[in-house]
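Reading through the structure tokens given below for one structure.
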Protein chains: 2
Amino acid sequence: MDLRRLRYFVAVAEARSVGKAAERLRMAQPPLSVQIRKLEAEVGAPLFRRGTRGMDLTEAGQALLVRASEALALAADGIEAARAVASGKRGRLSVGYMFVLANAILPRLIPELRRSVPGVDLEFAELSASTREARVLDRSVTVALCMPAINHPEIQVARIGAQRFMLAMPASSPLARLSSVPMARLHGRPLIALPHPDHGPASSAVVPLLRRHQVVMPIASRVETVHSAMSLVLAGEGFAILPACAQLGAPRGIVFRPLRDATDSLDIAVCWRRDSQSPLIETFIKCAEKAVARM
Amino acid sequence: MDLRRLRYFVAVAEARSVGKAAERLRMAQPPLSVQIRKLEAEVGAPLFRRGTRGMDLTEAGQALLVRASEALALAADGIEAARAVASGKRGRLSVGYMFVLANAILPRLIPELRRSVPGVDLEFAELSASTREARVLDRSVTVALCMPAINHPEIQVARIGAQRFMLAMPASSPLARLSSVPMARLHGRPLIALPHPDHGPASSAVVPLLRRHQVVMPIASRVETVHSAMSLVLAGEGFAILPACAQLGAPRGIVFRPLRDATDSLDIAVCWRRDSQSPLIETFIKCAEKAVARM
DNA sequence: GCCAACTCATACGTTTTCGGTATGCCAATG
DNA sequence: CATTGGCATACCGAAAACGTATGAGTTGGC
């Protein structure tokens with residue numbers, strides 16, 4: 001059965017006349033008459049009573065009419081919905097984020113997103129450093145807010161900001177009395193190390209920084225997450241070198257101080273599959289940039 | 001947009017492959033591929049991601065899929081529903097009946113109908129003698145249970161039984177003591193007259209009967225309905241000559257007696273528009289015949 | 001009471017669209 | 001590097017739909 005036939009049928013039923021319906025459909029009357037008869041042949045029963053003053057639905061025709069109208073509307077709505085999704089007016093956007101960024105960015109990002117794409121279903125999911133790449137690749141998140149960016153040939157990256165490294169330590173530490181800490185003062189102190197996601201679990205994100213200043217910090221502990229690092233710092237296990245935004249989620253008793261002679265930073269980036277042609281990604285990046293700008 | 005395209009689209013989406021879908025659709029792969037691309041052109045956006053191992057829906061495609069599946073199901077259901085109505089398995093049957101017949105027939109007819117056509121919505125409406133013809137002609141009832149039958153070129157009739165005329169009188173009347181009343185005994189007594197529906201309001205259904213027996217009964221009152229007639233009989237206004245089934249609805253204090261030497265009767269008939277091709281009519285007649293047979 | 005007007009149905013030629021076959025392109029695989 | 005397995009393209013024949021011309025039946029007016 002053909003949707004055109006149903007469309008014709010509905011038109012004739014509503015106009016109660018083949019001629020009128022043909023006019024509305026911008027076609028000649030005879031082919032429309034033929035199509036109606038073909039539909040009747042397909043159903044196996046007359047759908048109209050032919051009178052001298054037009055056509056009138058039979059009960060079988062009435063039964064068909066309600067469903068055919070709905071089917072037409074659904075099909076049209078389907079096309080429309082697909083267009084809306086393709087254009088970014090509707091759809092779903094699953095946003096992955098790393099926990100360090102949550103407090104700094106989400107409170108500004110989420111309202112901005114809801115305002116920009118009101119028809120889109122938003123979904124947020126925390127990403128761990130170890131799985132973030134896989135979550136982007138298997139599309140379980142559409143975009144990921146990462147620090148640093150994911151490095152993978154299938155994944156595209158937009159840098160939207162950066163966070164300077166700062167020294168995190170217990171408030172009781174003598175270094176906490178300085179307004180900024182010279183790199184040299186770190187020499188020999190124990191380090192709570194976070195791995196660099198690109199270099200495996202035994203790496204540390206601050207190796208280049210320390211090496212450049214010829215500072216050696218023995219690694220006291222290796223942790224996976226920023227909150228773990230801060231917990232250990234609070235427990236007096238050592239010092240951590242963390243991106244500035246981490247202090248928004250820091251517990252009481254931890255102080256952050258800038259590193260006086262180091263301008264190193266970690267990029268904040270939006271990452272997504274290169275073949276995700278969703279138009280929402282562009283919009284998301286704009287929103288994220290705004291949120292970062294007001295951080 | 002064409003329903004065939006949508007059907008193809010759903011098949012490809014479900015098979016996640018043009019080739020597999022083509023096989024299921026019993027067609028070659030290239031034309032199917034062409035149709036999918038035409039649909040994408042119509043939507044204005046890709047519906048599938050082409051990988052090296054088949055096709056995968058985009059989000060726009062997913063949005064279309066749910067609606068397209070529903071539309072397909074609805075269209076198929078519409079055709080099926082029209083067939084069901086045309087074959088009498090589903091639909092609506094509006095039954096008109098004249099009040100005299102209600103008590104005698106409906107209690108047996110209605111259960112019989114519900115058993116015979118369980119998928120059909122039944123509707124019952126009392127008909128007055130003056131409007132019954134119009135109600136059949138304008139299809140506000142599909143069939144009418146009438147006594148006597150409607151006489152009209154557009155209306156078809158099936159006789160399903162007959163009811164002998166009986167004399168209705170107050171229990172206190174001397175004639176009530178007879179087990180049957182000779183026609184001659186009616187001579188000169190006042191008549192409560194019901195019009196014959198074919199001969200206008202000033203007629204009487206029993207004129208031929210009286211004339212044949214050379215009985216003259218002065219008309220005491222003209223009434224429209226059988227219950228009016230019985231009310232006046234009970235009030236002592238006169239005698240009525242009514243079909244036998246009327247006694248089922250007669251109030252206490254009225255007695256019916258057969259007319260000894262008169263076998264006249266009124267036909268019970270099913271009446272319907274000649275151009276109503278509903279298959280339910282045939283079934284209805286069968287049910288009505290059964291109901292009358294057990295009356 | 002006959003003719004004009006209006007309705008849907010039929011016939012036929014033209015055009016569009018669809019489906020099949022042959023073939024190309026590309027990536028993954030051994 | 002050849003083979004395999006997937007989709008895309010090109011071309012041709014077939015089917016379906018559309019338009020024009022026309023027929024048939026009924027209503028309504030003169």
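Letters A, B, ... mirror the listed sequences (proteins, then strands); counts begin at 1. Note that the structure is a prediction, hence the values are computed from the model and not measured. Basis for what follows: all heavy atoms, side chains included, without hydrogens, waters or symmetry-related copies.
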### Query
When you list every nucleotide of DNA chain D with an atom under 4.0 Å from a heavy atom of chain A, which one comes first 5' to 3', and which comes last?
dA17(D) to dT27(D)
### Query
Please give, in whole Å, the distance from dC8(C) C1' to Asp56(A) CG?
14 Å
### Message
Rounded to whole Å, please give me the gap between CD in Gln29(A) and P in dT10(C).
### Response
11 Å
### Summary
Residues Ala68(A) and Leu6(A): closest non-hydrogen pair is CB-CD2, 4.2 Å
### Message
Closest approach to the side chain of Pro30(B), judged atom by atom: which nucleotide of dA9(C), dA22(C), dC18(C) is it?
### Response
dA22(C)
### Rounded distance in Å - CD (Glu40(A)) to C1' (dA9(C))
12 Å
### Query
Looking across every strand, which nucleic acid part, if any, lies under 4.0 Å from Arg5(A) by heavy atom: base, sugar-phosphate, or nothing?
sugar-phosphate
### Greater than 12 external heavy atoms within 6.0 Å of Glu112(B)'s CD
yes
### Query
According to a strict under-4.0 Å criterion, is Lys38(B) in side-chain N/O contact with OP1 or OP2 of dT17(C)?
no
### Task
Might you confirm whether atom CZ of Arg50(B) has over 12 heavy atoms from other residues, nucleotides or ligands at distances under 6.0 Å?
yes
### Glu42(A) and Arg5(A) ion-paired at < 4.0 Å
yes
### Short side-chain N/O contact from Arg37(A) to OP1 or OP2 of dA9(C), under 4.0 Å
yes
### Spacing between Glu23(A) atom CD and dT7(C) atom C1', to the nearest angstrom
14 Å
### Query
Which whole-number value in Å describes the distance from Met27(B) CE to dC18(C) P?
10 Å
### Task
Check the distance between dC18(C)'s P and Leu3(A)'s CG and give it to me in whole angstrom.
13 Å
### Task
Using a 4.0 Å heavy-atom cut-off across all strands, classify Arg49(A) as base, sugar-phosphate, or nothing.
nothing
### Message
Is it the case that over 12 heavy atoms from other parts of the model lie below 6.0 angstrom from the CZ atom of Arg67(B)?
### Response
yes
### Message
Heavy-atom nearest nucleotide on DNA chain D for Val34(B) versus Thr52(B): which residue maps closer to 5'?
### Response
Thr52(B)
### Task
Would you tell me if any nitrogen or oxygen in the side chain of Ser17(A) comes within less than 4.0 Å of OP1 or OP2 on dC8(C)?
yes
### Query
Touch check for Phe48(B), heavy atoms < 4.0 angstrom, all strands: base, sugar-phosphate only, or nothing?
nothing
### Whole-Å gap separating C1' (dT17(C)) and OH (Tyr8(B))
12 Å
### Query
In whole angstroms, how far is the P atom of dG20(C) from the CD atom of Gln35(B)?
11 Å
### Query
More than 12 foreign heavy atoms under 6.0 Å from CZ of Arg132(A): is that the case here?
yes
### Query
Got a sec: does the CZ of Arg16(B) have more than 12 other heavy atoms crowding it under 6.0 Å?
no
